[in-house]
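These notes are about the structure you will find just below.
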Amino acid sequence: MGDMTSPSAPTELVEHLCRQNDLTPTQASRLIEEVLAFYDESSATFIQRRHYELQKAGLANAQIYQLIAAELEHRRFKLDPLTERQIRRTIYG
């Protein structure tokens, strides 16, 4: 394989993605890094980012808080369920 792989992307995973998909090692490494960065996001950063995205989509805060609470259950980080008040405090401080 002619392309260089990232030192942070495991070679075995890069090779697997290249075999299973039409990706170069560079593309596979970049994909792995993007996925890991996505899941490396802290809960506070996730809450703030999702609040902003959902506000831009036109949702009201009451809906946003419920959606964020539900989405947190499916994220990589595991938290005790947050109340709407805790979510608001994360967003607004």
Side-chain angles (χ1 to χ4, degrees):
M1 300 189 166
D3 293 9
M4 296 294 294
T5 60
S6 165
S8 64
T11 303
E12 183 180 0
L13 181 55
V14 171
E15 291 171 355
H16 172 75
L17 288 175
C18 290
R19 279 192 309 271
Q20 298 299 316
N21 302 281
D22 190 21
L23 297 174
T24 67
T26 300
Q27 292 169 323
S29 293
R30 194 171 311 131
L31 176 63
I32 293 165
E33 289 174 5
E34 287 183 33
V35 169
L36 292 175
F38 180 81
Y39 282 108
D40 200 30
E41 188 175 51
S42 72
S43 59
T45 302
F46 170 77
I47 290 169
Q48 292 167 345
R49 177 180 59 80
R50 285 301 288 152
H51 179 258
Y52 176 77
E53 292 170 351
L54 295 169
Q55 263 189 333
K56 290 297 236 183
L59 277 70
N61 276 340
Q63 292 173 292
I64 291 171
Y65 302 147
Q66 290 176 359
L67 280 171
I68 289 173
E71 289 176 357
L72 283 169
E73 294 178 18
H74 302 286
R75 297 294 295 184
R76 182 182 61 86
F77 41 77
K78 287 294 181 190
L79 302 170
D80 291 331
L82 298 178
T83 65
E84 285 187 21
R85 181 174 186 267
Q86 290 170 309
I87 292 170
R88 276 195 312 275
R89 288 186 59 86
T90 300
I91 295 165
Y92 300 112

Exercise. Under the 3.5 angstrom rule, does the side chain of Gln48 hit a backbone N or O of Thr90 as a donor-acceptor pair?
Worked result: yes
For this session: Return the orientation label for the His51 and Tyr92 ring planes: parallel under 30°, perpendicular over 60°, tilted otherwise.
Result: perpendicular
Exercise. Roughly how far apart are Glu71 CD and Ile47 CD1, rounded to 0.5 Å?
Worked result: 10.5 Å
Problem set entry | By side chain to side chain contact (heavy atoms under 4.5 Å, CB included) - contacts of Leu23 (at least two apart) | Leu17, Asn21, Gln27, Ala28, Leu31
For this session: Compare every heavy atom of Ile87 with every heavy atom of Tyr65, then report the nearest pair and how far apart it is.
Result: O-CD1, 3.5 Å
Seminar exercise, completed: Across all chains, not counting sequence neighbours, the side chain to side chain contact (heavy atoms under 4.5 Å, CB included) partners of Arg49 are Phe38, Glu41, Phe46, Glu53, Arg75
Exercise. Measuring from Ile68:CD1 to Gln86:CD, what's the distance to the nearest 0.5 Å?
Worked result: 13.0 Å
For this session: Not counting sequence neighbours, which residues clear side chain to side chain contact (heavy atoms under 4.5 Å, CB included) with Leu59? List them please.
Result: Leu54, Ala57, Gln63, Ile64, Leu67
Exercise. Got a second to check how far Arg88's CZ is from Leu82's CG, nearest 0.5 Å?
Worked result: 12.0 Å
